[in-house]
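We number each residue from 1, following the sequence as shown. Every value quoted in this text rests on a predicted model; they were computed, and no experiment measured them.
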Amino acid sequence: MTSLSRARVARRIAAGAAYGGGGIGLVGAATIGVVLAEVQLAKRHVGNGGAPHPPSAEGRYGSAYTVPGAPPLRLTMLGDSTAAGQGVRRSGQTPGALLASGLAAVAERPVVLRNVAQPGAQSDDLDRQVGLVLGDSEQVPDVCVIMIGANDVTHRMPPTRSVRHLASAVRRLRTAGAEVVVGTCPDLGTIEPVQQPLRWLARRASRQLAAAQTIGAVEQGGRTVSLGDLLGPEFAANPRELFGPDHYHPSAEGYATAAMAILPTVCAALGLWPAEEERPDVSRREGFLPVARAAAEAASEPGTEVTAAMPTGPRGPWALLKRRRRRRLPAADATAPATPARETSA
């Protein structure tokens, strides 16, 4: 499917979400029987792995940066098992811990991490999770990271419904004053037990949902980072390294790869990224595009960020598409300061 075709489909899904539609499917009705059979087979093969319960990583990171009278930054994770860190055994290997340590290093401020993500969650659970996050008006996070979408695809949630729940969550968090970064639906076509024809269908469905998620999130004031291809070629090329024991959830190295892609966008959302990095770099094919076109391109490029950039025009809202340089992540340790991060090329 071309970028323009993906853009049209993503716009239709996002429009259906905004106006209450629910009939736009991710795959043709004739394939549903095959998909369901393959999904059930893959689920039985995958199992729960060696770490059914994700380790808790909540706590304070970068304590050595504490300054009397200066409050720590607050980072909250929402979403599904990927946001929770299922598949690893140590708290420091979870994406929340990795992001908190990296953010503390860049900001040179302590970071308090909270995680309300629920393994197995679909996008309709975000309403409950956001309620938990905003339950105390005195503890609104500075930034929230949402990782959601894989279970929506495998459970055949209508994409319009999926995007509607995500957009609502982003809107509520932004209205409360939190910055929001969404890691969009990963590429389910890379999961080892999944065979053809499901592999192709899963990849197509994942990318369509990721593009529609981008439109829904950006139009509500959030930023998105594509996890699709990031968890695609790299995972497919190194399945033993980047998938965990259950061959479904990422391993420690896989989570570090995803967190390294999300960290620059989290920092940029908080105004912590160098000013020169905020200007589009033509050499990296960055620039301003209609939001649907930017969403479609991001869905098939690893680590690509999309954020609102211009008012609505004749072709709809515009967005800035960026391919940020990633940073190496310090080791996560809630009891020790984070070490300075080193920049690497994308």
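Within the 4.5 Å cutoff, the side chain of L321 has heavy atoms near those of the T304 side chain. Contact check for P110 versus S63: no side-chain heavy atoms found under the 4.5 Å cut-off. For the pair P141 and V133, the minimum side-chain heavy-atom distance is below 4.5 Å. Side chains of L113 and Y61 form a contact here, defined as non-hydrogen atoms less than 4.5 Å apart. By the 4.5 Å heavy-atom criterion applied to side chains, R114 and V116 are counted as neighbours. Residues E179 and R174 form a side-chain contact, since some pair of their non-hydrogen atoms from C-beta on lies under 4.5 Å apart. Using a 4.5 Å heavy-atom threshold, the side chains of V182 and R223 count as separate. Contact check for S168 versus L126: no side-chain heavy atoms found under the 4.5 Å cut-off.
Heavy atoms only, all atoms of each residue included: S91 and S56 are closest at CB-O, 3.1 Å. The minimum heavy-atom distance between Q129 and A117, with the atom names listed, is OE1-CA, 3.8 Å. Between N151 and A121, the closest heavy-atom pair is ND2-O, 2.9 Å. Nearest heavy atoms, A178 versus C144: CB-SG, 4.2 Å. Of all the heavy atoms in Y65 and A104, the pair that sits closest is CE1-O, 3.5 Å. Heavy atoms only, all atoms of each residue included: Y255 and G85 are closest at OH-C, 3.5 Å.
The number of heavy-atom neighbours closer than 6.0 Å to CZ of R128, taken from other residues, nucleotides and ligands shown, is above 12.
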Does the pair V225 and V306 meet the rule for a side chain to side chain contact (heavy atoms under 4.5 Å, CB included), with working shown?
CA-CA 7 Å; V225 178; V306 179; over 6 Å; no
Passes side chain to side chain contact (heavy atoms under 4.5 Å, CB included), V163 versus L209? Steps please.
CA-CA 8 Å; V163 173; L209 180 57; 4.1 Å; yes
Please lay out, stage by stage, how V181 and T224 fare under the test side chain to side chain contact (heavy atoms under 4.5 Å, CB included).
CA-CA 5 Å; V181 176; T224 65; over 6 Å; no
List the steps and the verdict of salt bridge (Lys or Arg N to Asp or Glu O under 4.0 Å) for E305 and R323.
CA-CA 6 Å; E305 175 190 319; R323 298 169 176 85; over 6 Å; no
Step by step, work out the side chain to side chain contact (heavy atoms under 4.5 Å, CB included) result for L173 and I146.
CA-CA 11 Å; L173 293 169; I146 302 174; 4.1 Å; yes
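Under the 4.5 Å side-chain heavy-atom criterion for grouping Ile, Leu, Val, Met, Phe, Trp and Tyr, I262 is connected to L272 within one hydrophobic cluster. Following chains of ILVMFWY side-chain contacts shorter than 4.5 Å, one can reach V170 starting from L132, so the two form part of one hydrophobic cluster. Side-chain heavy atoms closer than 4.5 Å link hydrophobic residues (I, L, V, M, F, W, Y) into clusters, and following such links, possibly through other members, connects V106 to V111. Cluster membership check: V112 does not share its hydrophobic cluster with V143, using side-chain heavy-atom separations under 4.5 Å among Ile, Leu, Val, Met, Phe, Trp and Tyr. Note: the hydrophobic cluster containing L73 does not contain V180 (ILVMFWY, side chain heavy atoms under 4.5 Å, direct or indirect links).
Classification of E286 and K322 as a salt-bridged pair holds, one side-chain N sitting under 4.0 Å from a carboxylate O.
When each of L166, T82, D125 is paired with I148, the side chain to side chain contact (heavy atoms under 4.5 Å, CB included) condition holds for L166 and for no other.
Here the OG1-CG distance, from T94 to L99, works out to 8.5 Å after rounding to the nearest 0.5 Å. Here the CD-OG1 distance, from E297 to T214, works out to 12.0 Å after rounding to the nearest 0.5 Å. For the atom pair R172 CZ and Q220 CD, the distance stands at 12.5 Å (nearest 0.5 Å). Atom-to-atom distance recorded for E58:CD and L75:CG is 10.5 Å, nearest 0.5 angstrom. Here the OG1-CG distance, from T76 to N115, works out to 8.5 Å after rounding to the nearest 0.5 Å. Here the CD atom belonging to Q118 is positioned 9.5 Å from the CD atom belonging to Q86, to the nearest 0.5 angstrom.
Listed for the S101 side chain is a donor-acceptor partner under 3.5 Å among the backbone atoms of A97. Between the side chain of S226 and the backbone N or O of A298 there is at least one donor-acceptor pair closer than 3.5 Å. With hydrogens and angles ignored, the 3.5 Å screen pairs a side-chain donor or acceptor of D152 with a backbone N or O of S123. Between the side chain of Q93 and the backbone N or O of R90 there is at least one donor-acceptor pair closer than 3.5 Å. Using modelled atom types, one side-chain atom of D142 and one backbone atom of R74 make a donor-acceptor pair closer than 3.5 Å.
For the residue pair Q213/T184, the side-chain donor-acceptor check at 3.5 Å is not satisfied.
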